[in-house]
Amino acid sequence: MKEKNTMEKIVAFLKDNGFINLSSEPYGGFSSSYDYGVYGVEIKNNLKKAWWNNMTRHHENIVGIDSAILMSPKVWEASGHLSAGFADELVECKNCHKRFKQDELKDNTCPICNGELMSPKKFNVMMKTFVGPVEDSANVVYLRGEACQGIYMNFNWVVNSGRMKIPFGICQIGKAFRNEITPGPFTFRTREFEQMDLQFFVKPEEADKWFEYWKEERMQFYISLGIDPDHLRFHDHPENKLAHYAKKACDIEYLFPWGWAEMEGIHNRTDWDLGNHSKVSGTDLSYIDQETKEKYMPYIIETSGGCDRMLLAFLIESFNEFENGRNGDGGKEYLMKLNYLLSPVQVAVLPLLKNKEELQQKAKEVYDLLKIKFNTKYDVTGTVGKRYRRQDELGTPFCITIDFDTLEDDTVTVRNRDTMKQERIKIQDLINYISKEYEK
Ligand code: GAP
């Protein structure tokens, strides 16, 4: 586990290196909203791609969609999100008027000023806005509180257009919004966040089997992308703590610097969603088995992970700080030991000297060769040692140096991020060499 105080260092590091920063910076920042920068957006896209490929390519019976954030407000009535089910118990201090979640308080006094607390009130976390020019109650719509509802709205369409047969899944990556009372730490809990959801439709009698299957599959995803299994665990929800839609729930937790916390939820949602939407909309969302002609309301096994939260876990896991350099003989150095699939830059091309035209020209040729295949960065500023350190901070797996020998024999030095070993490789073999390393 990374020590609690590393969080401050990591947050500063992520800002300094173009990963993540508070939104609206010129205005002093906007609480609990974050922007992904030059390298942050690349890692986030890589994580989404890894998840999407894992779902849709490794499982032949999973397809994807991308549904709208704004939906009919009736969706949220039927889903239970407008009632007490999606509300937090909130208490306000009579003295300083700060608000807290009831279940996060240790006793009945304000944790800030020790003042007396008012009695708890239900506070719905759905975010409201209006459509059209008139701001009245007839025009209220909600920013979706969970991305999966868009999947249920498309259930019939996907079954018919995708010719899907149960068991099958629909996955989606999309934004969700919750008016969280106590956001933080950092991007762990925010009011605007992205979810990566799979809704897997099964026969009711097979729900328990698929629940166990997806628990294991999702755990393996994190391990395969480089999280130490000792930093991961399952947390089964006791029956009295289940969300209003769930019959069974299990979280995958990561050991964050402040302790174990949820990264992804796996739920048996039964026929709650399709059943309620059928009733309220009047559209039948049951499934007909074309072979047996059996008609039934499928059960749903859901895996729902926060993209921002997972990304934070991967960043924390990869963060390494060396007080005296990586070789023990220098100043402070950092290494982001990201899985190759997540690294924002895959290859860096470094001409040995800036002021030698022929070196730059050769380096540009190598850059042009690689940039089509890999996310490649051309870096010419500073000594080669400094540039290696810069690439270590970004988590770049390979640095390629073009020197005077390159001009003679068309070979380059390839430096491996993790071992710091250097190998001489022919330019014509570079794509093969790097591709093979990626397959390891
Ligand atoms: N559709 C089910 C659902 O939304 P959830 O447990 O409320 O279930 C799923 O959310 C995942 O979404 C969580 O495990 C977490 O990773 C992420 N998540 C939820 N609320 C979040 C927030 N306020 N900020 C960031 N991520 C959040």
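Only a predicted model underlies this, so the values are computations on that prediction, with no experimental measurement involved.
Annotation: F201 is in aromatic contact with F155 [ring centroid separation under 6.0 Å]. Between Y340 and F398, the distance from one ring center to the other falls under 6.0 angstrom. Taking the centre of each ring, Y254 and F256 come in below the 6.0 Å mark.
Side-chain polar atoms of S32 and E180 form no donor-acceptor pair below 3.5 angstrom. If you check the side chains of H58 and E217, you find no donor sitting under 3.5 Å from an acceptor.
Residue-environment remark: NZ (K293) exceeds the threshold of 12 foreign heavy atoms within 6.0 Å. Counted within 6.0 Å of NZ on K15, heavy atoms from surrounding residues, nucleotides or ligands total 12 or fewer; the atom is thus considered open. More than 12 heavy atoms of other shown residues, nucleotides or ligands fall within 6.0 angstrom of atom CD in E321. Counted within 6.0 Å of NZ on K121, heavy atoms from surrounding residues, nucleotides or ligands total 12 or fewer; the atom is thus considered open. With a 6.0 Å radius and a threshold of 12 heavy atoms from other residues, nucleotides or ligands, Y296 has its OH atom above the threshold. No more than 12 heavy atoms of other residues, nucleotides or ligands sit less than 6.0 Å from atom CD of E291.
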Under the salt bridge (Lys or Arg N to Asp or Glu O under 4.0 Å) rule, what do E42 and K377 come out as? Steps first, then yes or no, please. CA-CA 13 Å; E42 295 287 347; K377 192 164 173 59; over 6 Å; no

Tell me, with the steps shown, if D236 and K215 meet salt bridge (Lys or Arg N to Asp or Glu O under 4.0 Å). CA-CA 11 Å; D236 289 311; K215 268 172 70 173; 3.7 Å; yes

Verify side-chain contact (heavy atoms from CB on, under 4.5 Å) between E423 and Y433, making sure each step is shown before the conclusion. CA-CA 11 Å; E423 266 187 86; Y433 175 87; 2.7 Å; yes

Report the C-alpha separation of Y34 and F186 in whole Å, then their side-chain angles, then the decisive distance to 0.1 Å, and conclude whether the ring-ring contact (aromatic ring centres under 6.0 Å, His included) test is met. CA-CA 8 Å; Y34 294 90; F186 197 46; 4.9 Å; yes

Could you go through R390 and D379, starting from their C-alpha distance and side-chain angles, then the distance that decides it, and tell me whether this counts as salt bridge (Lys or Arg N to Asp or Glu O under 4.0 Å)? CA-CA 10 Å; R390 171 83 188 128; D379 188 2; 5.7 Å; no

Intermediate values then yes/no, ring-ring contact (aromatic ring centres under 6.0 Å, His included), F319 and F13: CA-CA 9 Å; F319 179 79; F13 173 88; 5.2 Å; yes

The test is side-chain contact (heavy atoms from CB on, under 4.5 Å); show your working for C110 and L117 and say whether it passes. CA-CA 6 Å; C110 172; L117 298 172; 4.0 Å; yes

Derivation and outcome, side-chain contact (heavy atoms from CB on, under 4.5 Å), residues W210 and N268: CA-CA 9 Å; W210 285 110; N268 174 356; over 6 Å; no

For F234 and E216, what are the C-alpha separation, side-chain angles and deciding distance, and is it a side-chain contact (heavy atoms from CB on, under 4.5 Å)? CA-CA 10 Å; F234 289 121; E216 286 307 323; 3.8 Å; yes

Between K332 and E323, does the salt bridge (Lys or Arg N to Asp or Glu O under 4.0 Å) criterion hold? Intermediate values first, please. CA-CA 4 Å; K332 189 174 281 194; E323 285 300 335; 3.7 Å; yes

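Side chains of K337 and D418 form a contact here, defined as non-hydrogen atoms less than 4.5 Å apart. Using a 4.5 Å cut-off on side-chain heavy atoms (C-beta onward), R309 and F193 make no contact. Side-chain contact between I301 and Y299: absent, with no pair of heavy atoms (C-beta onward) separated by less than 4.5 Å. Between N45 and K49 there is no side-chain heavy-atom pair separated by less than 4.5 Å. In this structure the side chain of T56 never reaches within 4.5 angstrom of the side chain of V63, judged on heavy atoms. By the 4.5 Å heavy-atom criterion applied to side chains, D271 and P204 are not counted as neighbours. The shortest side-chain heavy-atom distance between V349 and K371 does not fall under the 4.5 Å cut-off. Between T190 and P183 there is no side-chain heavy-atom pair separated by less than 4.5 Å.
With values rounded to the nearest 0.5 angstrom, R144 atom CZ is found 11.0 Å from M126 atom CE. The line from CG of D273 to CD of E302 is 8.0 Å long, rounded to the nearest 0.5 Å. Note: F100 CZ to T182 OG1 = 10.0 Å, rounded to the nearest 0.5 Å. Between R218 atom CZ and Y213 atom OH the span is 11.0 Å, to the nearest 0.5 Å. Interatomic distance, CD of E393 versus OG1 of T396, reported as 10.0 Å (0.5 Å rounding).
With sequence neighbours excluded, no residue forms a salt bridge (charged side-chain N to carboxylate O under 4.0 Å, His left out) with D197. Here E135 pairs with F130 under the side chain to side chain contact (heavy atoms under 4.5 Å, CB included) rule; sequence neighbours left out. Every residue two or more places apart in sequence or in another chain that forms a side chain to side chain contact (heavy atoms under 4.5 Å, CB included) with S318 is listed here: M336, L338. Listed by chain and residue number, F374, N375, Y438 satisfy the side chain to side chain contact (heavy atoms under 4.5 Å, CB included) test with Q346 (two or more places apart in sequence, or in another chain). Taking S72 as the reference, K74, V75 meet the side chain to side chain contact (heavy atoms under 4.5 Å, CB included) condition, with sequence neighbours excluded.
Applying the salt bridge (charged side-chain N to carboxylate O under 4.0 Å, His left out) test to pairs two or more places apart or on separate chains, those with a residue in residues 146-171 are E146-R269.
Formation of a donor-acceptor pair under 3.5 Å by the T376 side chain with backbone atoms of Y367 is not found in this model. Between the side chain of Q102 and the backbone N or O of P120, no donor-acceptor pair lies under 3.5 Å. A donor-acceptor pair is defined here as one N or O able to donate and one able to accept, closer than 3.5 Å; no such pair exists between the side chain of D308 and the backbone of T187. Formation of a donor-acceptor pair under 3.5 Å by the R191 side chain with backbone atoms of F177 is not found in this model. Proximity of a side-chain donor or acceptor of E253 to a complementary backbone N or O of W260 within less than 3.5 Å is not detected. Looking at N276, its side chain does come within 3.5 Å of a backbone N or O of A78 through a donor-acceptor pair. Formation of a donor-acceptor pair under 3.5 Å by the D289 side chain with backbone atoms of I166 is not found in this model. A distance-only check finds a donor-acceptor pair linking the side chain of Q172 to the backbone of S67 [under 3.5 Å]. Listed for the K44 side chain is no donor-acceptor partner under 3.5 Å among the backbone atoms of Y36. Although no hydrogens or angles enter the test, the distance criterion places no donor-acceptor pair under 3.5 Å between the side chain of R415 and the main chain of Q422.
The aromatic rings of Y39 and F19 sit tilted, their planes meeting at an angle between 30° and 60°.
Ionic pairing of E116 and K94 is present here: one or more N-O contacts between side-chain nitrogen and carboxylate oxygen are shorter than 4.0 angstrom.
Counting all heavy atoms, side chain and backbone alike, L22 lies closest to G29 at CD2-CA, 3.8 Å.
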